[in-house]
Amino acid sequence: MTATTETEHSAAALHGPVIDWFDAHARDLPWRRPEAGAWGVMVSEFMLQQTPVNRVLPVYEQWMERWPRPADLAKETPGEAVRAWGRLGYPRRALRLHGAALAIAERHGGDVPSEHAQLLALPGVGEYTAAAVASFAYGRRHAVLDTNVRRVFARALSGTQYPPNATTAAERRLARAVLPETDAVAARWAAATMELGALVCTARSPRCGGCPIAAQCAWRLAGSPPHEGPPRRGQTYAGTDRQVRGRLLAVLREATDPVPRAALDTVWDDAVQRARALDGLVADGLVEPLPGPAYRLPHG
DNA sequence: GAGGCGTGGAG
DNA sequence: TCTCCAAGCCT
């Protein structure tokens, strides 16, 4: 028996338990309901990129009520998308979601595309998000490799506590090898492995007592060895340009009229860093400079 | 491929 | 308090 065949064989034994567990324990999230549609799935995926579910929920509800279809968002200025994004973080995602809505309205007749390649061509849609939308919204068969799934596979299949820092070709190969054959089961498997990673096979303290595949988990069978290799670099935040950008944008989100530069000067003492951060926001298209000088969220 | 990019909750 | 980390993407 080849290694690949063996992997597929042992993986097949995981499908049932993991999907059964999902049927019993899946959270009732709004973007999982049928009425969410492909657009709801896409909006949720953008918001969930690096932001926890609990913080996404209220913003998602407001967003979908205000812009129930891509064409509705496409009519707005990008600044309105940034404003409605609120404090979810990484506001470039709001800009990209607005850009994706424009592209969907123009190139796809207002309907979120179902093909992976077409999704991937949209701004802000990478390998993960394209696979997630195709799988969750359209039931297509794709390897959906997010941080949760990578961790579940690292433990259950590879026997390590954590996956590598960056996604490797080996991980993609493994994810494809264990993907169920049919579209419907593959889509269910993708959602189930993500949920297992989010609720049970968590990064800090996994709840192995509640895991449907604990008895087959390669990491546990190896004695739960600690992580080897370079520690994952913790990102410092205090004092960075990111923090300054956040403060500047917070002022502009709250303002309805253009904000004079003098008003922005109060958010950070270091004038050099403040100017650099503001320039960066302008360069990113998150802020529009006006005569005065004054600034506002982008109108066009 | 490494580094930049927000924000806030949990341990 | 401080560290970690949360459904990534882009350059």
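All values derive from a computational prediction rather than experimental measurement. Naming convention: chains lettered A, B, ... in sequence-line order (proteins, then strands); numbering from 1 in each chain. The figures here come from the full heavy-atom set of this structure, side chains too, leaving out hydrogens, waters and symmetry mates.
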Not counting sequence neighbours, list each pair that qualifies as a ring pair (Phe, Tyr, Trp, His ring centres under 6.0 Å) and has a residue in residues 168-204 of chain A. His15(A)-Trp189(A)
For the pair made of CG in Asp146(A) and C1' in dC9(C), what is the distance, rounded to whole Å? 14 Å
Point-to-point distance, once rounded to the nearest 0.5 Å, from NE2 of His116(A) to OG1 of Thr129(A): 9.5 Å
Kindly state which residues belonging to residues 17-34 of chain A come within less than 4.0 angstrom of DNA chain C, counting heavy atoms of the residue only, listed by number. Arg27(A), Leu29(A), Trp31(A), Arg32(A)
Rounding to the closest angstrom, what is the interatomic distance between dA7(C) and dG4(B) at atom P? 23 Å
Taking dG8(B) as the reference, what is the distance to dC9(C) when you measure between their P atoms (whole Å, please)? 23 Å
What is the distance, rounded to the nearest whole Å, between atom CG of Leu48(A) and atom C1' of dC5(C)? 15 Å
With sequence neighbours left out, what residues match Trp21(A) under side-chain hydrogen bond (donor to acceptor under 3.5 Å, both in side chains)? none
Asp20(A) CG to His25(A) NE2 distance, which is reported to the nearest 0.5 Å: 10.0 Å
Here the distance between atom C1' of dA6(C) and atom CE of Met194(A), to the nearest Å, is 11 Å
In short, ring pair (Phe, Tyr, Trp, His ring centres under 6.0 Å) pairs touching residues 68-107 of chain A with sequence neighbours left out are Trp63(A)-Trp85(A)
Side chains of Tyr162(A) and Arg151(A) only: does a donor on one sit below 3.5 Å from an acceptor on the other? no
Start with the C-alpha distance between Trp31(A) and Met42(A), add both sets of side-chain angles, then the distance that settles side chain to side chain contact (heavy atoms under 4.5 Å, CB included), and finish with yes or no. CA-CA 9 Å; Trp31(A) 44 85; Met42(A) 172 169 278; over 6 Å; no
Rounded to whole angstroms, how far apart are CD on Glu195(A) and C1' on dA6(C)? 14 Å
Can you tell me if the side-chain N/O atoms of Thr129(A) get under 4.0 Å from OP1 or OP2 in dC9(C)? yes
Which whole-number value in Å describes the distance from Leu199(A) CG to dA6(C) P? 12 Å
Mind calculating the distance between CG (Asn148(A)) and P (dC5(C)) to the nearest angstrom? 13 Å
Report yes or no: do Ser135(A) and Arg141(A) form a side-chain donor-acceptor pair below 3.5 Å? no
Quick one: Glu127(A) CD to dC10(C) P, roughly how many Å, whole number? 11 Å
Going 5' to 3' through nucleotides 4-11 of chain B and flagging B where a protein heavy-atom sits under 4.0 Å of the base, S where only the sugar-phosphate is that close, and - otherwise, we get BBBBS---
How close or far is atom C1' of dC5(C) from atom CD of Gln161(A), stated in whole angstroms? 14 Å
Pair listing, ring pair (Phe, Tyr, Trp, His ring centres under 6.0 Å) test, anchored in residues 255-278 of chain A, at least two apart: none
Identify whether any heavy atom of Val149(A) sits under 4.0 Å from a base atom; if not, whether one sits that close to sugar-phosphate; answer base, sugar-phosphate or nothing. nothing
